[in-house]
Trainee: 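Dropping a structure here in structure tokens format, bear with me for questions.
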Amino acid sequence: QQPQQQQQEQQGQEEAVVVNSDDEYEVPEPIPQVVRGGKIVGVDTPEAARIVGKSTPGAKDKTHVCSECAQYGHDEFECPLLFAKVYARRKFTMPGFLANGNRDPSCWIGEAITPATARQWLKLQKEHGLFVGRPSRPPIKPDPVAPTEHRLPVQPQAVRAGAAP
């Protein structure tokens, strides 16, 4: 009877370990941590008008020349070419741009992005967690200053002479 009970326990243990191969689920790929100028590509939100469109709230005119693509008007962390390289595995390009870093003419009306392009930005934020920025951190407080030692002032002449102060 004992061998039969042990055999049933072993079968029960084996059954607990069996994984149904039909139960597939997608594990989200972590966001790469490529930092340029103290900001993370694809995490920190671009603000250059040449990238997000001149009419986008918070857009700023920039004159910086990007070292990644040699184009002016944006910082490295917001470079469409660098973004396409960093997120190539996920087949993402920056909204309004092609994989080679050039503007997609169908996504722009002059210097403004189209409403469809604006929706692409929102989709990357909501569905993929991109361009959401980093949580603000409270400023680091300096360590409290160690209390000063309280000493009575010593008069150098009195000490040298051996006299009491």
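If you're wondering where the values come from, they're calculated on a predicted model, not measured in any experiment.
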Trainee: Are the side chains of Ile51 and Pro80 in touch, meaning some heavy atoms are under 4.5 Å apart?
Mentor: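 Yes - at least one pair of side-chain heavy atoms lies under 4.5 Å apart.
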Trainee: Would you say Leu82 ends up clustered with Leu98 if hydrophobic residues are merged whenever their side chains have heavy atoms under 4.5 Å apart, either directly or through other cluster members?
Mentor: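 Hydrophobic grouping puts Leu98 apart from Leu82.
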Trainee: For Thr114, which residues count as a side-chain contact (heavy atoms from CB on, under 4.5 Å) partner, sequence neighbours excluded?
Mentor: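 Residues passing side-chain contact (heavy atoms from CB on, under 4.5 Å) with Thr114: Ile109, Ala116, Thr117.
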Trainee: What are the two closest non-hydrogen atoms of Gln120 and Gly96, and how far apart are they?
Mentor: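 Gln120 and Gly96 have their closest heavy atoms at OE1-N, 3.9 Å.
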Trainee: In terms of hydrophobic clusters joined by side-chain contacts under 4.5 Å, are Val132 and Leu124 together?
Mentor: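 As far as the 4.5 Å side-chain criterion goes, Leu124 and Val132 are not connected within one cluster.
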Trainee: Within the 4.5 Å heavy-atom criterion, are Gln71 and His74 side-chain neighbours or not?
Mentor: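 Yes; the side chains approach each other to less than 4.5 Å.
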Trainee: Quick check, are the ring centers of His64 and Tyr72 under 6.0 angstrom apart?
Mentor: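 No, the ring centres sit 6.0 Å or more apart.
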Trainee: Pair Cys79, Arg36 - check side-chain contact (heavy atoms from CB on, under 4.5 Å), show working.
Mentor: CA-CA 10 Å; Cys79 178; Arg36 295 291 187 276; over 6 Å; no
Trainee: Identify whether the distance between the nearest side-chain nitrogen and carboxylate oxygen of Lys39 and Glu76 falls below 4.0 Å.
Mentor: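 Result for this pair is no, no salt bridge flagged.
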Trainee: What is the distance from atom CD1 of Ile40 to atom CG of Leu130, rounded to the nearest 0.5 Å?
Mentor: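 If I round to the nearest 0.5 Å, the distance is 11.5 Å.
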Trainee: Can you find a heavy atom in the side chain of Cys107 that is under 4.5 Å from one in the side chain of Arg103?
Mentor: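 No; the side chains remain at least 4.5 Å from each other.
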Trainee: Less than 4.5 Å apart, any side-chain heavy atom of Tyr87 and any of Thr93?
Mentor: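 Not touching, per the 4.5 Å side-chain cut-off.
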Trainee: Are Leu81 and Ile113 joined in one hydrophobic group, where the rule is that I, L, V, M, F, W and Y side chains link up if heavy atoms are under 4.5 Å apart?
Mentor: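 Unlinked, Leu81 and Ile113 end up in two clusters.
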Trainee: Not counting sequence neighbours, which residues clear salt bridge (charged side-chain N to carboxylate O under 4.0 Å, His left out) with Lys62? List them please.
Mentor: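 Scan of Lys62 (salt bridge (charged side-chain N to carboxylate O under 4.0 Å, His left out), adjacent residues dropped) gives Glu47, Asp75, Glu78.
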Trainee: What pair of heavy atoms forms the shortest contact from Ala84 to Ala99, and how long is it?
Mentor: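 So the minimum-distance heavy-atom pair works out to CB-O, 3.5 Å.
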Trainee: Please report the shortest heavy-atom distance between Asp61 and Ala49, naming the atom on each side.
Mentor: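 Residues Asp61 and Ala49, closest heavy atoms: OD1-CB, 3.6 Å.
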Trainee: Which value, rounded to the nearest 0.5 Å, describes the distance between Phe131 atom CZ and Trp121 atom CH2?
Mentor: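 That separation rounds to 4.5 Å.
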Trainee: Do you know which two heavy atoms are closest between Phe97 and Arg50, and how far apart they sit?
Mentor: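 Shortest heavy-atom separation between Phe97 and Arg50 comes out as CZ-O, 3.5 Å.
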Trainee: Minimum heavy-atom separation for Gly53 to Ala59, with atom names?
Mentor: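 Here Gly53 and Ala59 meet closest at O-CB, 3.3 Å.
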Trainee: Side chains of Pro95 and Arg119, heavy atoms from C-beta outward: is any pair under 4.5 Å?
Mentor: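 Side chain of Pro95 against side chain of Arg119, heavy atoms only: no contact under 4.5 Å found.
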Trainee: Please find the pair of heavy atoms, one from Pro46 and one from Met94, that lie closest to each other, and give the distance.
Mentor: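 For Pro46 and Met94, the tightest heavy-atom pair comes out as CG-CE, 4.5 Å.
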Trainee: If you group Ile, Leu, Val, Met, Phe, Trp and Tyr by side-chain heavy-atom gaps below 4.5 Å, do Val43 and Val35 land in one group?
Mentor: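 Same hydrophobic cluster.
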